[in-house]
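Order of the sequence lines sets the chain letters (A, B, ...), proteins ahead of strands, with each chain counted from 1.
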Protein chains: 2
Amino acid sequence: MNRSNRTSTVVDAEAAGSYAAWFKALADPTRIRLLHLLAAEGRPMSVGEIVERSPVGQSTVSHHLKVLTEVRFVLQEKQGTSTRYQVNRTCLTVFPAAVAAILAEARTELPREDDRGR
Amino acid sequence: MNRSNRTSTVVDAEAAGSYAAWFKALADPTRIRLLHLLAAEGRPMSVGEIVERSPVGQSTVSHHLKVLTEVRFVLQEKQGTSTRYQVNRTCLTVFPAAVAAILAEARTELPREDDRGR
DNA sequence: CACCTGATTCGACGTCCGTCAACATAGACA
DNA sequence: TGTCTATGTTGACGGACGTCGAATCAGGTG
């Protein structure tokens with residue numbers, strides 16, 4: 001395996017950009033806590049409820065939730081005046097796989113992120 | 001399980017900061033490519049060799065290698081006038097574990113990052 | 001209809017980041 | 001010793017980011 005001397009480009013420039021975007025979404029303590037909160041609760045939560053448990057303001061929470069939503073780490077579901085956010089369980093598979101790809105761990109095939117939604 | 005209403009704080013403010021620092025180190029396409037290059041080659045590489053395969057300047061590569069070294073994703077080994085960089089294989093274990101912790105995947109115990117060095 | 005409440009967006013501020021060119025450092029070798 | 005080569009560091013510049021308060025928008029409710 002890996003028979004050529006060319007760097008087996010599993011991670012080319014384009015993929016590097018995508019991966020970087022994912023990591024960038026987690027490159028902030030507040031977002032990590034938000035994501036962990038949602039994951040730990042394991043249920044859709046409203047913004048207000050999340051704000052109550054966060055040390056930052058409501059607009060900040062809203063902003064971070066938007067960032068996490070854009071990279072599909074969390075999914076949103078509007079219900080009238082309220083908006084429920086929940087963690088996207090697909091990340092459990094796709095994210096460690098991305099790390100494995102970067103670290104050239106060939107044993108794991110990178111699954112497609114095909115949870116159609118948005 | 002999860003009998004209390006307190007968020008089971010596996011990821012508290014301090015841990016969130018640490019994790020964010022790790023992710024921040026990967027939140028850049030260039031660093032991801034550098035890390036992947038080192039991982040794919042699977043051997044210590046000199047800065048010049050890395051620069052040859054990178055689209056950015058030498059000082060930039062040096063800077064990014066420093067960042068990756070500070071969070072221990074890569075290890076450095078000085079040899080006279082040259083410096084060899086190689087990927088830290090411990091990341092293969094500790095990094096997915098961190099992701100699992102954030103995503104509240106309780107099944108994996110977070111291993112200590114005790115590859116004494118630095 | 002007027003009002004209240006929950007959520008997003010806007011504008012601003014200070015800070016940090018990625019990149020480069022230029023300079024500084026430090027082994028190797030004649 | 002002096003020079004060469006490989007690497008690290010500095011300073012600067014442009015752009016992006018995190019946070020906040022204020023303004024705005026959109027559903028319910030009376």
Side-chain angles (χ1 to χ4, degrees), chain A residues 13-14 16-38 43-71 73-86 118, chain B residues 13-14 16-38 41 43-86 118:
Chain A
E14 185 183 338
S18 305
Y19 294 163
W22 294 1
F23 290 125
K24 197 176 300 183
L26 297 184
D28 179 84
T30 301
R31 281 198 292 271
I32 288 197
R33 294 178 73 179
L34 290 183
L35 183 60
H36 176 65
L37 173 62
L38 288 172
R43 62 183 171 89
M45 298 177 72
S46 71
V47 177
E49 197 177 2
I50 298 173
V51 170
E52 275 182 3
R53 308 221 203 166
S54 299
V56 294
Q58 187 211 31
S59 61
T60 303
V61 168
S62 184
H63 165 63
H64 285 310
L65 286 175
K66 184 180 179 183
V67 173
L68 288 174
T69 303
E70 282 169 352
V71 293
F73 269 124
V74 305
L75 306 174
Q76 72 179 182
E77 168 195 8
K78 307 215 174 192
Q79 280 191 5
T81 176
S82 179
T83 308
R84 307 294 181 76
Y85 287 87
Q86 59 182 312
R118 163 155 248 156
Chain B
E14 184 183 338
S18 305
Y19 294 161
W22 294 1
F23 291 125
K24 197 175 303 182
L26 297 184
D28 179 84
T30 301
R31 281 197 291 271
I32 288 197
R33 294 178 72 178
L34 291 182
L35 184 60
H36 177 64
L37 173 62
L38 289 173
E41 290 293 324
R43 63 183 170 89
M45 298 178 71
S46 72
V47 177
E49 198 177 0
I50 299 173
V51 171
E52 276 183 1
R53 308 221 203 166
S54 299
V56 293
Q58 182 252 341
S59 61
T60 303
V61 169
S62 183
H63 165 62
H64 285 310
L65 286 175
K66 184 181 181 182
V67 173
L68 288 173
T69 303
E70 282 170 351
V71 292
R72 313 285 300 282
F73 270 125
V74 305
L75 305 175
Q76 71 179 183
E77 170 195 7
K78 307 214 173 191
Q79 280 190 7
T81 176
S82 180
T83 309
R84 308 292 181 76
Y85 287 87
Q86 60 181 311
R118 163 156 250 156

statement: The contact string for nucleotides 9-19 of chain C, one letter per nucleotide 5' to 3', using protein heavy atoms under 4.0 Å with B, S and - for base, sugar-phosphate only and none, comes out as B-------SSB
message: Could you go through A:Leu38 and A:Ile50, starting from their C-alpha distance and side-chain angles, then the distance that decides it, and tell me whether this counts as side-chain contact (heavy atoms from CB on, under 4.5 Å)?
response: CA-CA 8 Å; A:Leu38 288 172; A:Ile50 298 173; 3.9 Å; yes
query: Taking it one step at a time, do B:Tyr85 and B:Leu68 satisfy side-chain contact (heavy atoms from CB on, under 4.5 Å)?
result: CA-CA 10 Å; B:Tyr85 287 87; B:Leu68 288 173; over 6 Å; no
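Side chain of A:Thr69 to backbone of A:Leu65: a donor-acceptor contact under 3.5 angstrom is found. In this structure, B:Arg31 contributes its side chain and B:Lys24 its backbone to a donor-acceptor pair below 3.5 Å.
A heavy-atom distance below 4.5 Å is not found between the side chains of B:Thr30 and B:Ser54. The side-chain heavy atoms of A:Pro55 and A:Arg33, taken from C-beta on, include a pair separated by under 4.5 Å.
Look at A:Tyr85 and you won't find any side-chain N or O under 4.0 angstrom from OP1 or OP2 of C:dG6.
Between the CH2 atom in A:Trp22 and the CZ atom in B:Phe23 there is a gap of 12.5 Å [rounded to 0.5 Å]. Taken to the nearest 0.5 Å, the CG atom of A:Asp28 stands 4.5 Å off from the NE2 atom of A:His64.
Nearest-nucleotide mapping onto DNA chain D: of B:Gln76 and A:Gln79, the residue sitting toward the 5' end is B:Gln76.
In the 5' to 3' direction, nucleotides of DNA chain D lying under 4.0 Å from heavy atoms of chain B begin and end at D:dA6 to D:dT9.
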